[in-house]
Amino acid sequence: MSEPIETCLVVVTRTLEGRTHLLLGEKLRGFGQGRMVVPGGKVDPGETPRRAAARELFEETSLRVNEADLDARGVVTFAFPDGGGVDMRVHVFVTDAAEGEPADSDELLVTWAPVDALPTSRMWPDNVHWLPVALARGFDEATFTYAADGATLASHTGI
Ligand SMILES: Nc1[nH]c(=O)nc2c1ncn2[C@H]1C[C@H](O)[C@@H](COP(=O)(O)OP(=O)(O)OP(=O)(O)O)O1
């Protein structure tokens with residue numbers, strides 16, 4: 001596999017009406033367009049994953065977060081050995097300290113989803129595996145390998 005692209009994802013939690021919610025967004029363009037995704041994106045050259053996470057969260061949702069309030073919960077590799085996507089190495093952060101109200105951007109249509117009723121059929125199939133672990137305690141390194149269609153999860157290790 002060629003060097004994976006360094007990316008980050010930010011899982012923002014907030015209690016709304018007594019229930020824990022996650023911030024998701026319908027992806028409007030790029031890889032995974034049409035899916036409900038966790039905000040995030042590519043780490044720029046010279047940028048730390050943590051810095052990228054705070055920047056991407058703001059760019060995509062208008063929420064602000066101090067870098068120190070981002071909890072690093074693990075690194076996930078998404079691999080597409082038979083095509084259908086570009087391999088990514090994703091730094092996963094969780095925070096309950098994002099400030100402001102989320103707003104739509106040209107990348108995402110944002111929505112709060114109850115953690116116990118996530119729209120899993122519209123999310124990446126790997127999310128049901130790593131999201132609960134990231135929220136509960138974190139993990140070290142995990143890998144999710146996709147089939148040639150770029151959408152069917154073929155196997156996973158590390159979680
Ligand atoms: N299997 C998967 N599960 C998941 O939860 N997120 C995935 C994923 N595969 C890719 N991603 C995420 C990681 C990253 O946030 C995003 C990459 O999409 P893009 O290539 O459109 O990059 P960006 O949205 O960062 O675009 P730029 O604005 O050019 O950086 O998709």
Side-chain angles (χ1 to χ4, degrees), residues 1-14 20-27 30-57 59-61 63 65-98 107-108 110-159:
M1 112 178 155
S2 56
E3 268 314 285
I5 299 173
E6 293 282 313
T7 66
C8 59
L9 290 172
V10 191
V11 182
V12 178
T13 64
R14 190 171 282 184
T20 303
H21 287 66
L22 304 186
L23 187 66
L24 298 178
E26 180 179 336
K27 199 159 193 295
F31 191 56
Q33 183 178 351
R35 286 192 190 272
M36 296 295 289
V37 300
V38 173
K42 298 184 189 76
V43 179
D44 286 342
E47 194 178 40
T48 63
R50 183 178 294 277
R51 174 82 203 109
R55 176 183 56 73
E56 287 281 353
L57 182 68
E59 287 176 3
E60 294 189 348
T61 73
L63 289 184
V65 67
N66 293 320
E67 286 180 45
D69 290 329
L70 291 168
D71 291 335
R73 293 288 172 91
V75 177
V76 192
T77 297
F78 301 121
F80 300 87
D82 299 318
V86 177
D87 295 352
M88 295 191 188
R89 186 164 177 271
V90 183
H91 302 261
V92 177
F93 297 92
V94 175
T95 186
D96 63 1
E107 300 245 8
L108 289 185
V110 293
T111 186
W112 290 109
V115 70
D116 54 3
L118 294 173
T120 51
S121 65
R122 297 195 58 201
M123 296 164 72
W124 281 102
D126 50 81
N127 285 190
V128 296
H129 298 284
W130 63 261
L131 256 177
V133 185
L135 287 167
R137 58 181 183 278
F139 49 86
D140 186 14
E141 293 253 2
T143 299
F144 294 86
T145 303
Y146 277 83
D149 63 4
T152 307
L153 190 55
S155 65
H156 63 97
T157 60
I159 284 185

Looking only at heavy atoms, which two atoms of [X] and [Y] are closest? And how far apart?
| X | Y | answer |
| --- | --- | --- |
| Leu70 | Ala53 | CD1-CB, 3.9 Å |
| Ala54 | Glu67 | CB-CG, 4.2 Å |
| Ala154 | Ala147 | CB-N, 4.0 Å |

Once rounded to the nearest 0.5 Å, what's the spacing between atom [atom1] of [X] and atom [atom2] of [Y]?
| X | Y | atom1 | atom2 | result |
| --- | --- | --- | --- | --- |
| Thr111 | Leu23 | OG1 | CG | 8.0 Å |
| Asp96 | Asp69 | CG | CG | 8.0 Å |
| Leu57 | Phe93 | CG | CZ | 11.5 Å |
| Ile5 | Thr77 | CD1 | OG1 | 12.0 Å |
| Leu135 | Leu22 | CG | CG | 5.5 Å |
| Ile159 | Thr143 | CD1 | OG1 | 9.5 Å |

Is there side-chain contact between [X] and [Y], with heavy atoms separated by less than 4.5 Å?
| X | Y | answer |
| --- | --- | --- |
| Pro39 | Val12 | no |
| His21 | Pro114 | yes |
| Glu60 | Val10 | no |
| His91 | Arg50 | no |

Residues forming a salt bridge (Lys or Arg N to Asp or Glu O under 4.0 Å) with Arg73, sequence neighbours excluded:
Asp71

Listed partners of Asp140 passing salt bridge (Lys or Arg N to Asp or Glu O under 4.0 Å), at least two apart
none

SB check Glu141 Arg89 (cutoff 4.0 Å):
yes

Exactly one of Leu24, Leu9, Leu108 should register a side-chain contact (heavy atoms from CB on, under 4.5 Å) with Val37. Which one does?
Leu108

Does [Y] offer a backbone N or O that forms a donor-acceptor pair with the side chain of [X] under 3.5 Å?
| X | Y | value |
| --- | --- | --- |
| Arg51 | Gly46 | no |
| Asp44 | Glu47 | no |
| Thr20 | Val115 | no |

Phe80 and Phe31 aromatic ring geometry - parallel, tilted or perpendicular at 30°/60° bounds
perpendicular

Please output the side-chain donor-acceptor pairs of residues 117-128 that fall under 3.5 Å, not counting sequence neighbours, one pair per line with the distance.
residue : atom : partner : partner atom : Å
Arg122  : NH2  : Gly34   : O            : 3.1
Asp126  : OD1  : Trp130  : NE1          : 2.7
Asp126  : OD2  : Tyr146  : OH           : 2.4

